[in-house]
Amino acid sequence: MLTPTTIFEVLLAAYGPQGWWPVGVGEGDGRAAAYHPLDFAVPRTDSERFEICVGAILTQNTAWRNVEKALVSLHAAGGVQPSALLRMPDQQLADAIRPSGYFNVKSRRLRVFTEFYLLLAGSAPTREELLKVWGVGPETADSMLLYAYGRLHMVIDAYTRRIFSHLGVISETATYDDVASVCEAELPRDVPVYQEMHALLVAHAKRYYQRLPYDDPLFPQVSSETNRKNEV
DNA sequence: AACCAGGACGTGA
DNA sequence: TCACGTCATGGT
């Protein structure tokens, strides 16, 4: 029976450390300028933390490449920082993040979150506090906690569900908390492991889980069996 | 040319 | 609780 830890080890061996979360988008060539492979222990600066939180909201149901475009224009429009963001007129903000899609909702969510972020005054929010913020759901909250604040919260996204479900680790009807429990009960309770786990799952899913039937070369035995089940 | 991206929220059963 | 519609641009 496959476990999250086994999957983690296989993925890490196959792809190496991913160094998420990408920060520094828009400062250099317009792509992620400062991935931190093998450098997880470095505490995030305040500006990195905010950029990660903004990215977490912008990437809701959206390809990261589109988020990069949004972050680049946000940066050009005065920088990805709380004061600058709140100063921007609605029109300008929505315009800057247009490429990331849902620009009307997301500009509202960014404002609401930024107000909350400033109230924190540098301290880390709890998960409960984050979930009360309008526009921040479970995945966005856990992304912020894990990558911006270095807290031990597993991030469960569509890719995680897809891979785990395909490999038989969870059922198709598992809730967000179900999947998180499976991971947190079995994986080493280590922040870099959680960060890498999620990043590796995304990297892997982008290669082999885009379209049915899934064919996973890293776990071939499970792959054929599940596909057969899906065809019935 | 449909389909999907590192979701969240509002609504009606 | 839960299924479903909505929000929207951009790549395959």
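Each chain gets a letter, A, B and so on, in the order its sequence line appears, and its residues count up from 1. Note that the coordinates shown come from a computational prediction; the quantities given were computed from them, not determined experimentally.
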Does A:Leu152 belong to the same Ile/Leu/Val/Met/Phe/Trp/Tyr cluster as A:Phe8, with side-chain heavy atoms less than 4.5 Å apart forming each link?
yes
For A:Asp142 and A:Tyr194, does a side-chain donor sit closer than 3.5 Å to a side-chain acceptor?
no
So [X], base contact, sugar-phosphate only, or nothing? Heavy-atom distance under 4.0 Å.
| X | result |
| --- | --- |
| A:Asn61 | base |
| A:Lys206 | base |
| A:Val155 | nothing |
| A:Arg162 | sugar-phosphate |

My validator wants the stems of DNA chain B: runs of 3 or more consecutive Watson-Crick or G-U pairs, both distances under 3.5 Å, written as range with range.
B:2-5 with C:9-12, B:7-13 with C:1-7
Is NZ or CZ of A:Arg162 both nearer than 6.0 Å to the six-membered ring centre of A:Tyr209 and within 45° of the ring axis?
no
A:Arg111 with A:Asp90: basic N within carboxylate O range, under 4.0 Å
yes
Using atom [atom1] of [X] as one end and atom [atom2] of [N] as the other, report the distance to the nearest whole Å.
| X | N | atom1 | atom2 | answer |
| --- | --- | --- | --- | --- |
| A:Trp134 | C:dC7 | CH2 | P | 13 Å |
| A:Tyr102 | B:dC4 | OH | C1' | 10 Å |
| A:Asn104 | B:dG10 | CG | C1' | 17 Å |

Residues of residues 91-101 of chain A with any non-hydrogen atom less than 4.0 angstrom from an atom of DNA chain C: list those, numerically ordered, please.
A:Arg98, A:Pro99, A:Gly101
Want to settle it: does A:Arg211 or A:Arg109 sit nearer the 5' end of DNA chain C, counting the closest nucleotide to each?
A:Arg109
By nearest-heavy-atom nucleotide on DNA chain C, the more 5' of A:Thr175 and A:Phe103 is A:Thr175
What's the verdict on side chain to side chain contact (heavy atoms under 4.5 Å, CB included) for A:Ile163 and A:His204, showing C-alpha distance, side-chain angles and the deciding distance?
CA-CA 9 Å; A:Ile163 294 178; A:His204 187 51; 4.0 Å; yes
Side-chain N or O of A:Thr140 closer than 4.0 Å to phosphate OP1/OP2 of B:dA8:
yes
For A:Tyr208 and A:Tyr214, I'd like to know if the aromatic rings sit close, meaning centre-to-centre distance below 6.0 Å.
no
Show your reasoning for whether side-chain hydrogen bond (donor to acceptor under 3.5 Å, both in side chains) applies to A:Thr5 and A:Thr3.
CA-CA 5 Å; A:Thr5 302; A:Thr3 65; 4.7 Å; no
